[in-house]
Amino acid sequence: MNISAFSVKQPVTITMFYFGIILLGVISYLRLPQELFPPINYPRLSIVTHYQNAAPEEIETLITRPIEEAVGAVSNMKGITSVSKEGTSIVTVSFNWGTNMDFASLNVREKIDLIKDRFPREAEDPVVIKFNPFDLPVLRFSVTGSLDSYELRTLSQRILKDGLEKVEGVASVSVSGGLLREILIEVDQGRLEASGVSILSVVDAIEHTNLNYPAGTIKDQTYEYLIRTIGEFATVKEIEFTPVSVDKRTGTYEELP
């Protein structure tokens with residue numbers, strides 16, 4: 001007896017069967033939770049390491065490959081992909097679905113702690129980030145105008161960013177693109193050699209001079225005042241008068257050549 005003949009001879013059974021399917025569908029629909037952003041735990045971790053002013057080849061040799069070799073032994077790992085670019089190493093580790101990502105993240109951090117002493121001294125500590133697609137921006141704005149790229153970026157940060165962050169429901173706002181202000185310092189190599197000053201001394205002098213330091217507090221009977229020393233450059237012209245070294249013969253300062 002085929003299905004067609006059975007359906008014709010047993011109409012009540014077939015009707016009750018379909019009613020049961022419809023009833024289960026209605027119950028499932030009413031009890032099924034509905035969320036705009038359901039909590040989905042993606043089995044993926046990203047390891048980001050910054051090493052300023054390093055070429056991609058150095059990033060790959062000194063940072064990316066040691067990280068790949070270290071995390072390659074983590075359990076439930078599915079695959080590893082990496083990107084080495086100027087100043088940054090990004091290693092992405094994929095795991096099998098169902099893996100406890102809290103334990104996986106802990107295991108990855110333990111593996112990295114064993115090898116981070118081998119990294120260059122100037123490299124920053126690796127940061128392990130869990131992949132969450134809901135952290136990606138849901139809305140992007142493009143800002144154009146007659147101003148140059150630096151002024152547009154400054155305007156976006158000071159006005160647009162602060163205004164959008166105050167809007168209800170906005171979690172965060174980030175600004176990208178445009179140009180950041182840079183000051184190019186040209187040093188006279190001949191004067192450096194004549195003064196016996198190295199280029200590293202010039203770099204250290206600028207870094208240690210362009211800072212504001214706390215200088216303690218002053219208390220009176222009613223108030224307490226915080227004191228700080230202002231050392232940051234207010235104008236580009238001030239960089240020219242940065243003291244670099246002291247001439248031991250005369251006791252005078254050697255300014256930036």
Side-chain angles (χ1 to χ4, degrees), residues 35-140 153 157 161 165 170-182 198-208 210-214 232:
E35 297 183 8
L36 181 60
F37 296 108
I40 301 176
N41 191 11
Y42 282 82
R44 187 181 301 176
L45 294 175
S46 296
I47 306 167
V48 182
T49 309
H50 296 288
Y51 183 15
Q52 297 295 333
N53 302 322
E57 293 81 2
E58 297 175 349
I59 293 290
E60 181 178 3
T61 303
L62 301 176
I63 297 179
T64 302
R65 288 183 180 176
I67 291 178
E68 290 178 345
E69 294 173 358
V71 302
V74 177
S75 59
N76 294 326
M77 189 196 67
K78 185 178 180 181
I80 298 177
T81 58
S82 63
V83 176
S84 299
K85 56 185 179 180
E86 182 179 357
T88 305
S89 168
I90 304 175
V91 179
T92 303
V93 185
S94 302
F95 295 86
N96 297 321
W97 285 97
T99 303
N100 190 325
M101 295 308 299
D102 293 331
F103 287 107
S105 177
L106 181 60
N107 293 334
V108 170
R109 288 188 175 93
E110 290 178 351
K111 297 294 184 180
I112 294 176
D113 288 340
L114 297 176
I115 64 166
K116 68 179 183 180
D117 293 337
R118 295 161 47 188
F119 294 164
R121 183 178 302 177
E122 295 79 8
E124 300 179 6
D125 290 338
V127 178
V128 180
I129 304 173
K130 293 183 180 179
F131 176 76
N132 186 2
F134 301 120
D135 291 338
L136 301 177
V138 296
L139 185 63
R140 295 179 183 269
R153 182 182 177 90
Q157 288 180 329
K161 182 176 183 296
E165 287 178 340
V170 176
S172 63
V173 180
S174 61
V175 179
S176 61
L179 296 177
L180 296 176
R181 187 185 183 188
E182 290 186 355
S198 65
I199 188 65
L200 294 178
S201 300
V202 176
V203 175
D204 293 338
I206 296 175
E207 289 180 349
H208 291 87
N210 189 30
L211 292 174
N212 295 333
Y213 288 98
E232 290 185 350

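Computed from a predicted model, the values in this text were never measured in an experiment.
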S.K.: Starting at CG of D125, measure out to NE2 of H50 and round the result to the nearest 0.5 Å.
M.R.: 11.5 Å
S.K.: Decide yes or no for F95 and V108: does some side-chain heavy atom of the first lie under 4.5 Å from some side-chain heavy atom of the second?
M.R.: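 Yes. Closest side-chain heavy atoms under 4.5 Å.
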S.K.: Does NZ in K78 sit with more than 12 non-hydrogen atoms of other residues, nucleotides or ligands closer than 6.0 Å?
M.R.: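 At most 12 heavy atoms, drawn from other residues, nucleotides or ligands, come within 6.0 Å of this atom.
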S.K.: Using a strict cut-off of less than 4.0 Å between a Lys/Arg side-chain nitrogen and an Asp/Glu carboxylate oxygen, indicate whether E69 and R65 qualify as a salt bridge.
M.R.: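 No salt bridge links E69 with R65.
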S.K.: I'd like to know whether T88 forms a side-chain contact (heavy atoms from CB on, under 4.5 Å) with E124, so could you lay out the CA-CA distance, the side-chain angles of the two residues, the decisive distance to 0.1 Å, and finally the verdict.
M.R.: CA-CA 10 Å; T88 305; E124 300 179 6; over 6 Å; no
S.K.: Apply side-chain contact (heavy atoms from CB on, under 4.5 Å) to I129 and V48, showing your working.
M.R.: CA-CA 8 Å; I129 304 173; V48 182; 4.0 Å; yes
S.K.: First locate atom CZ of R140, then atom OG of S174, and finally report the distance between them rounded to the nearest 0.5 Å.
M.R.: 8.0 Å
S.K.: For residues L45 and K130, determine if any side-chain heavy atom of one lies less than 4.5 Å from a side-chain heavy atom of the other.
M.R.: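 In short, these two side chains touch, coming nearer than 4.5 Å.
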S.K.: Just checking, is any N or O donor in the side chain of T64 or S84 under 3.5 Å from an acceptor N or O on the other one?
M.R.: yes
S.K.: Quick one: do I59 and K85 satisfy side-chain contact (heavy atoms from CB on, under 4.5 Å)? Show the steps, please.
M.R.: CA-CA 7 Å; I59 293 290; K85 56 185 179 180; over 6 Å; no
S.K.: Does some side-chain heavy atom of Y51 sit less than 4.5 Å from a side-chain heavy atom of S89?
M.R.: no
S.K.: Once rounded to the nearest 0.5 Å, what's the spacing between atom CG of N107 and atom CD1 of I112?
M.R.: 11.0 Å
S.K.: Could you verify whether a donor N or O on one side chain and an acceptor N or O on the other, from R109 and S105, lie under 3.5 Å apart?
M.R.: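 On atom types as modelled, these side chains qualify, holding a pair under 3.5 Å.
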S.K.: Just how far is it from atom CD1 of I115 to atom NZ of K111, taken to the nearest 0.5 Å?
M.R.: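 I115 atom CD1 to K111 atom NZ measures 10.5 Å (nearest 0.5 Å).
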